[in-house]
Amino acid sequence: MNEEIPPATVRVFIALAPPDDAKDELERALRPAYEAYPRLRWNRIEDWHITLVFLGELPAATAPLLRQPLAELAAARGPLRLALRGGGHFDERVLWSGIHGDVEGLHRLTAEVRDVVRDCGVVFEDRPLRPHLTLARARRADPAGVKETAAGLAGFTGRTWTTERLHLVASNIGRGPGPIHYRDIAAWEFTGDHAGR
């Protein structure tokens, strides 16, 4: 009997996820681009997320150490009110939708999450938060479609929604030729009554 050997490391990030109806609105706005640019590497809609901190490859034993501190943070914090709006691109290769609403609260939450991660002894690249939701990536040899789709999203304004959970997520990026898939290691509801310190 062949048992799958668990990986020694796991690629991890901490994120928020829009609710399904907010994602459905954006998906409808993207339908013409899906048809016009099928060669873009479109992210699966169920995997759309707003990354707060990317931790990279961690030893598999490290991720569980983050559970309790992140659970406590989520329990102490109230939800944020956000919306998906507009579009843009990074280097004409990565297509994204923008985040609006309580962006100041989003920055405070991100700072708190990063403090928790540091307190757990996890080292990560502390890049400035640029709130966005990644939609697609262009293939290196075929960048067509990213700028055009971003311009087409300029007028998109999604409904306002409330963040429900803080997600600790693992991805299989670099683990094969297929699409990137994400899975929750754990998620915790925002049950506090304030939106930050």
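The basis for the numbers below is simple: all heavy atoms, side chains too, and nothing from hydrogens, waters or symmetry mates.
Residue Leu66 is tested with Val113, Leu168, Asp119 for a side chain to side chain contact (heavy atoms under 4.5 Å, CB included); the sole match is Leu168.
The minimum heavy-atom distance linking Val10 with Ala63 is given by the pair CG1-CB, 4.4 Å. Across every non-hydrogen atom of Leu133 and Pro18, the tightest pair is CD1-CG, 3.5 Å. Here the closest heavy-atom approach between residue Thr51 and residue Phe54 is recorded as CG2-N, 4.0 Å. Between Pro79 and Thr163, the closest heavy-atom pair is CB-O, 3.0 Å. Residue Ala29 comes nearest to Phe156 through the heavy atom pair CB-CD1, 3.7 Å, listed as atom of the first residue, atom of the second, then distance. Looking at every heavy atom in both residues, Asn43 comes nearest to Trp48 through O-NE1, 3.7 Å.
For the pair Arg159 and Pro19, the minimum side-chain heavy-atom distance is below 4.5 Å. Residues Leu26 and Leu135 are in side-chain contact: their nearest non-hydrogen atoms beyond the backbone lie under 4.5 Å apart. Residues Arg137 and Trp42 form no side-chain contact, since every pair of their non-hydrogen atoms from C-beta on lies 4.5 Å or further apart. Between Glu72 and Trp188 the shortest side-chain heavy-atom distance does not fall below 4.5 Å. You'll find the side chain of Glu46 stays beyond 4.5 Å of the side chain of Tyr182, heavy atoms only. Looking at Leu80 and Leu109, their side chains come closer than 4.5 Å, going by heavy atoms from C-beta outward. Within the 4.5 Å cutoff, the side chain of Val169 has no heavy atoms near those of the Val12 side chain.
Note: Ser171 OG to His49 NE2 = 8.5 Å, rounded to the nearest 0.5 Å. Rounding to the nearest 0.5 Å gives a distance of 8.5 Å between CG of Leu58 and OG1 of Thr9. Separating the CG atom in Leu30 from the CD1 atom in Ile45 is a distance of 8.0 Å, to the nearest 0.5 Å. Between Ile185 atom CD1 and Ile14 atom CD1 the span is 9.0 Å, to the nearest 0.5 Å. Rounded to the nearest 0.5 Å, atoms CD (Glu189) and CG (Leu166) are 11.5 Å apart. To the nearest 0.5 Å, atoms CH2 (Trp161) and CD (Glu25) are separated by 11.5 Å.
A donor-acceptor pair under 3.5 Å is absent between the side-chain atoms of Arg39 and the main chain of Arg139, judged by distance alone. A donor-acceptor distance shorter than 3.5 angstrom exists from the side chain of Ser97 to the backbone of Gly86, with no hydrogens or angles considered. A donor-acceptor pair is defined here as one N or O able to donate and one able to accept, closer than 3.5 Å; such a pair exists between the side chain of Arg114 and the backbone of Leu52. Looking only at distances, a side-chain donor or acceptor of Arg93 sits under 3.5 Å from a matching main-chain atom of Ala138.
Residue Leu82 is not grouped with residue Trp96 when hydrophobic side chains (ILVMFWY) are merged at heavy-atom distances under 4.5 angstrom, including chains of intermediate members. In this structure, Val94 is not a member of the same hydrophobic cluster as Ile99, with clusters built from ILVMFWY side-chain heavy atoms closer than 4.5 Å.
Aromatic ring centres of His167 and Phe13 lie farther apart than the 6.0 Å criterion allows.
With 3.5 Å as the limit, one finds a donor-acceptor pair spanning the side chains of Arg81 and Thr162.
Under a cut-off of 6.0 angstrom, the local environment of CZ in Arg127 is sparse, with at most 12 non-hydrogen atoms contributed by other residues, nucleotides or ligands. Annotation: Arg130, atom CZ; neighbour count of heavy atoms from other residues, nucleotides and ligands within 6.0 Å does not exceed 12. Dense packing is recorded around NZ of Lys23, with more than 12 heavy atoms of other residues, nucleotides or ligands lying under 6.0 Å away.
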### Query
Step by step, would you call Asp91 with Val146 a side-chain contact (heavy atoms from CB on, under 4.5 Å)?
CA-CA 9 Å; Asp91 301 325; Val146 170; over 6 Å; no
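Arg108 and Glu104 are joined by a salt bridge, as a carboxylate oxygen and a charged side-chain nitrogen come within less than 4.0 angstrom of each other. Salt bridge present: Arg77 and Glu112 bring a charged side-chain N and a carboxylate O closer than 4.0 Å. A salt bridge does not link Asp184 with Arg165: none of the charged nitrogens is closer than 4.0 Å to a carboxylate oxygen.
For Phe190, the ring-ring contact (aromatic ring centres under 6.0 Å, His included) criterion is met by no residue, not counting sequence neighbours. By the salt bridge (Lys or Arg N to Asp or Glu O under 4.0 Å) test, Glu148 pairs with no residue at all, sequence neighbours left out.
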